[in-house]
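The chains referred to below are lettered A, B, ... by the order of the sequence lines, with proteins before strands, and numbering in each begins at 1.
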Amino acid sequence: MPELPEVETVKNELAPHILGRTFTDITILWDGIVKIPSVEEFRSRLVGQKITDLSRHGKYLALALNSDDLLVIHMKMSGSLLLSRDSREPPKYTRAIFHLDGGISMFFRDPRKFGRVWLVRDWRMAAQRLGPEPLEPEFTPQVLAQRLKNRKAPVKALICDQSVIAGIGNMYADEALFVAKINPLRSGSSLTPEELERLHQAIQQTLRTAIRNKGASIVNYYRPGGEPGTAHFEFNVAHGRGKNCPDCGRPIQRIAVRNRGTYFCPKCQPAG
DNA sequence: CCCGGAACCTGAAGGC
DNA sequence: TGCCTTCAGGTTCCGG
């Protein structure tokens, strides 16, 4: 599932192939993928526009166009953006084809139909209430502390909340909490300054390592060239069903937090 | 505002 | 073999 490291990888690997190119045609194979505006307006406004910049906001990818519009893309759980030189036979589950000049096409493949695209003037029209970027200088331990204090919800749920911090999802929340040695069920308000410092450090370290490894391909994530990432090979607990804690050797436990599979080590991350 | 749960969606995997 | 249930989870919506 694409979270911050996966979207960052997609952005970095798309850029050299699509930057400066112009959309020559748009094929929408499933209308529901276009969130804003109508499918017809989406196509007509996009064709002829040149891609001038790529940026990432949380898990949202934004392609800036010379018209000052932004093509915003969210891959949600099962989406991938795949580059090809042959648009005649898109892979199964392709929902949209972005044809570019120079004979390149970008397929938006998404088996689960959760992914969406927007054509808007400001990326905030697609990504409402996005918290701070965890890898930007603005994200300090103090900022994290401020955003978690007075919150009774489990810290796992809070750091997965895009309005608290942008870009973290289920996998990296589990990884960061393991590295910080914090139980996922602890409430935000119960964390000590030392724990908040460790969590801040763990979030940045976990995300940076995953970006270096081009993202994690547990299910349904492929890089634009079709290759998987390798970040999941270094996971400590995430999706660690049946595995043992790399630190103490005890079995990793699976619980549900807000209906999301949550993996942790009961010994290394004791309940508060 | 805060919290927790449901809904969206479909393929994979497991149980019997 | 095949049907059925469960699981996967990013985001939004809704009720308390």
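For A:Y263 and C:dA8, the OH to C1' distance is 9 Å, given to the nearest whole Å. When the C1' atom of B:dG4 is taken as reference, atom CG of A:L185 falls 13 Å away, rounded to whole Å. Counting to the nearest Å, the P atom of B:dA12 and the NZ atom of A:K92 are 8 Å from each other. C:dC7 atom P lies 14 Å from atom CE of A:M77, rounded to whole Å. Here C:dC7 presents its P atom at 14 Å from CZ of A:R112, a figure rounded to the nearest Å. Regarding A:R116, its CZ atom lies at a distance of 11 Å from the C1' atom of C:dG10, rounded to whole Å. Between A:K35 atom NZ and B:dC9 atom C1' there is a gap of 14 Å when expressed in whole angstrom units. Between the P atom of C:dC7 and the CZ atom of A:R260 lies a distance of 13 Å, rounded to the nearest Å.
In this structure, A:Y93 reaches the B:dG11 phosphate: one of its side-chain N or O atoms is under 4.0 Å from OP1 or OP2. Residue A:K59 has a polar side-chain atom (N or O) positioned under 4.0 Å from OP1 or OP2 of C:dT11. Distances shorter than 4.0 Å separate none of the side-chain N or O atoms of A:K76 from OP1 or OP2 on C:dT11. At least one side-chain nitrogen or oxygen of A:H74 sits closer than 4.0 Å to the OP1 or OP2 atom of C:dT11.
In this structure, A:E195 pairs ionically with A:R186, as a charged nitrogen and a carboxylate oxygen lie closer than 4.0 Å. Of the charged side-chain nitrogens involved, none lies within less than 4.0 Å of a carboxylate oxygen, so that A:R95 and A:D110 do not count as a salt-bridged pair. Residues A:D247 and A:K267 are not paired through a salt bridge, judged by the lack of any N-O separation under 4.0 Å between the basic side chain and the carboxylate. Under 4.0 Å is where a charged nitrogen must lie from a carboxylate oxygen, and between A:D25 and A:R43 at least one such pair does.
Across all strands shown, A:R241 has heavy atoms under 4.0 Å from sugar-phosphate atoms exclusively, and none from any base.
Residues from residues 143-177 of chain A that place a heavy atom under 4.0 Å from any atom of DNA chain B, listed by number: A:R151, A:K152, A:A153, A:P154.
Only one option out of A:L71, A:I33, A:I36 pairs with A:F42 in a side chain to side chain contact (heavy atoms under 4.5 Å, CB included); it is A:L71.
Counting distance only, with no hydrogens placed and no angle test, the side-chain atoms of A:R258 and the base atoms of C:dT12 include no donor-acceptor pair under 3.5 Å.
Residue pairs satisfying the ring-ring contact (aromatic ring centres under 6.0 Å, His included) criterion with at least one member in residues 212-231 of chain A, sequence neighbours excluded, are absent.
For the residue pair A:D161 / A:S163, a side-chain donor-acceptor distance below 3.5 Å is found, with atom types taken as modelled. Judged by distance alone, the side chains of A:E6 and A:Y172 do bring a donor and an acceptor atom under 3.5 Å apart.
Remark: the backbone N or O of A:H17 is paired with a side-chain donor or acceptor of A:R21 at under 3.5 angstrom.
One axis for each end of the helix from B:dC2-C:dG16 to B:dC16-C:dG2, each built from five base pairs, and the angle between them comes to 50° at 10° resolution.
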